Protein chains: 2
Amino acid sequence: MDTTQSTDQERSADRRRRELLEAADRVVLRDGPGASMNAIAAEAGITKPILYRHFGDKGGLYAALAQRHTDALLDSLRAALDAPAERRERVEATLDTYLAAIEARPQVYRFLMHPAEGGQPGGDQGFDVGKLSAPLLRRMGEELGKVIEDRLDLGPDSRRLARIWGHGIVGMMHAAGDWWLGERPCTRAELVRSMADLLWGRLAAAGDKVGGPGF
Amino acid sequence: MDTTQSTDQERSADRRRRELLEAADRVVLRDGPGASMNAIAAEAGITKPILYRHFGDKGGLYAALAQRHTDALLDSLRAALDAPAERRERVEATLDTYLAAIEARPQVYRFLMHPAEGGQPGGDQGFDVGKLSAPLLRRMGEELGKVIEDRLDLGPDSRRLARIWGHGIVGMMHAAGDWWLGERPCTRAELVRSMADLLWGRLAAAGDKVGGPGF
DNA sequence: ACTAAGATGTTACCTGCGGTAACGCGAGTC
DNA sequence: GACTCGCGTTACCGCAGGTAACATCTTAGT
């Protein structure tokens, strides 16, 4: 009759999907990535085939799960990036936001950076070289690149330069954050300051060490 | 009798090990990471248990394999880093060396950055947060950190700063290289120049864009 | 009211993986 | 000749991802 029924069904299916995702989230948060489909289904109170009907395969579920977290994190980062402040302050705020996020929920972070391996045997041949690294890194790199291009005046090659810097800075943040999370060699604030110093050219400005090997 | 026998045996075992590693290398190069132990054993003309006797488990084999390539790449990088030239030239040479390596053999690169997932079910609980990212990244970060600390005069916090920068720069190189390898948005030389520009403080020096949103 | 359709859920199974136990066999040693 | 010991095999276990086939309950059509 009216559309309420179809919308009800639609809503029901959608709600179910969200419930499943939340269950999956709990399991991944508890068991880390590599959580089995069986475990996730059990947590959701159902059995495997339902998961497969909703998400196709494990990659689909993980992609859906990853997108939720990625979107959330990207929102935080955009907020820090858009704050009304000096450029250096904004950069530091963005770095700090990212680090705070991975510090608060390392399991989620680990899951986002380690997306399920993928690649079934057969057909993958011949230098495919697609989706090498985590989608989150790519998305963050692209976003930052856009922001840089929008905000900064970089001369003729502005577009190319901005994208390269976007991916580069995100990679720097990621690698340093990963190492820091493992070894905790200093406070978060120190790490943020040090990285900002690097981006502000202190590497180029530093003097050679006296008595160095050969020069 | 004399030691020739034991040395012969030793040599034999060692040679076997090398043969197996080379076979594994071929398979990984062909099938990418995720190559099965069966496939590797078949390529070597033997069966699985022999692999397990030599390397313990899949992680052991992959670790041995990874170390060969990692050592080779690190040697190249050290050479570029130690060249007698201006700092900027050395930085560019190092970046270029890395990019040339991943460009020449993307499958190897992919394998090195995607180390086997690990983590058997059970016991892994409770915020372990170890070995999050690829060992190659860590090693490169540490090495670069040492070089920076040795060469540059960074004031009081020299040690901390150098390590942070080491990991950060390596991460920048990795992420930008990964993205570049996938999309090929520019030449290698352009990428190298752009990254060096970033490290040389062009981000801080750039002017705000006129007509930007709000400032 | 009876039936047809379709979503929702199940059990039971297939394939392929990492990993291992048990056995076979040839070469040296006493 | 018996004993061991390195090298190799077959056959198997457990568990993962993924699927086929069956059961069920709701809803629509006549």
Side-chain angles (χ1 to χ4, degrees), chain A residues 1-20 23-24 27-28 31-65 114-124, chain B residues 1-20 23-24 27-28 31-65 114-124:
Chain A
M1 319 316 177
D2 53 357
T3 58
T4 46
Q5 288 186 349
S6 74
T7 43
D8 274 6
Q9 284 181 4
E10 211 174 72
R11 284 245 168 156
S12 165
D14 228 28
R15 239 185 36 211
R16 201 85 181 103
R17 197 183 153 95
R18 254 192 293 275
E19 285 175 20
L20 296 185
V27 175
V28 164
D31 298 350
S36 82
M37 294 297 264
N38 261 325
I40 294 174
E43 170 72 28
I46 51 161
T47 49
K48 270 194 302 178
I50 304 184
L51 283 181
Y52 283 96
R53 281 222 260 269
H54 273 270
F55 300 102
D57 62 351
K58 189 171 186 171
L61 202 176
Y62 273 44
L65 207 54
H114 218 355
E117 189 92 351
Q120 62 272 22
D124 204 8
Chain B
M1 306 21 178
D2 52 359
T3 58
T4 47
Q5 287 187 346
S6 74
T7 43
D8 275 6
Q9 285 179 2
E10 210 175 73
R11 284 247 171 157
S12 165
D14 227 28
R15 239 185 36 210
R16 202 88 180 101
R17 197 184 153 94
R18 253 193 292 276
E19 285 175 19
L20 296 185
V27 175
V28 165
D31 298 351
S36 81
M37 294 296 265
N38 260 325
I40 294 174
E43 170 72 28
I46 52 162
T47 49
K48 270 193 301 178
I50 304 185
L51 284 181
Y52 283 96
R53 281 222 258 268
H54 273 269
F55 299 102
D57 62 350
K58 188 171 187 173
L61 203 177
Y62 274 44
L65 207 54
H114 219 353
E117 187 94 350
Q120 62 271 22
D124 204 8

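These figures come from a predicted structure and were not determined experimentally. Chain identifiers are assigned alphabetically (A, B, ...) following the order of the sequence lines, protein sequences preceding nucleic acid strands; residue numbering begins at 1 within each chain.
- Using a 4.0 Å heavy-atom distance criterion, B/Thr47 is classed as a base contact.
- In the set C/dT11, C/dG9, D/dT9, C/dG9 carries the atom at the smallest distance from any side-chain atom of A/Arg16.
- Atom OH of A/Tyr52 and atom P of D/dA21 are 18 Å apart (whole Å).
- With hydrogens and angles ignored, a donor-acceptor pair under 3.5 angstrom links the side chain of B/Arg53 to the base of D/dG8.
- A straight line from CG of B/Leu61 to C1' of C/dG19 spans 13 Å, rounded to a whole angstrom.
- In this structure, of D/dT9, D/dA20, C/dG18, it is D/dA20 that holds the atom nearest to the side chain of A/Pro49.
- Atom C1' of nucleotide D/dA23 and atom CD1 of A/Ile50 are separated by 13 Å, given to the nearest angstrom.
- Remark: C1' of C/dG19 and NE2 of B/His54 are 17 Å apart, rounded to the nearest angstrom.
- Atom-to-atom, OH of B/Tyr62 to C1' of C/dG18 comes out at 11 Å; the value is rounded to the nearest Å.
- Listed candidates were D/dG17, C/dG18, C/dT10. Nearest to the side chain of A/Lys58 is D/dG17.
- A pairwise comparison of heavy atoms in A/Ala64 and A/Arg17 identifies CB-NH2, 3.9 Å as the closest pair.
- Along DNA chain D, the nucleotide closest to B/Gly45 and the one closest to B/Lys48 are compared, and the more 5′ of them pairs with B/Gly45.
- Residue B/Leu61 comes nearest to B/Phe55 through the heavy atom pair N-CB, 3.6 Å, listed as atom of the first residue, atom of the second, then distance.
- If you run side-chain contact (heavy atoms from CB on, under 4.5 Å) between B/Leu20 and each of B/Ile46, B/Ile40, B/Leu65, only B/Ile46 comes through.
- We find that CE of A/Met37 is positioned 17 Å from C1' of C/dT15, with the value rounded to whole Å.
- The distance between atom CG of A/Leu51 and atom C1' of C/dT8, rounded to the nearest whole Å, is 13 Å.
- Counting to the nearest Å, the P atom of D/dT10 and the CD1 atom of B/Ile46 are 12 Å from each other.
- Residue A/Met37 comes nearest to A/Leu51 through the heavy atom pair O-CD1, 3.6 Å, listed as atom of the first residue, atom of the second, then distance.
- Across B/Ala39 and B/Val27, no two heavy atoms sit closer than the pair O-CG2, 4.0 Å.
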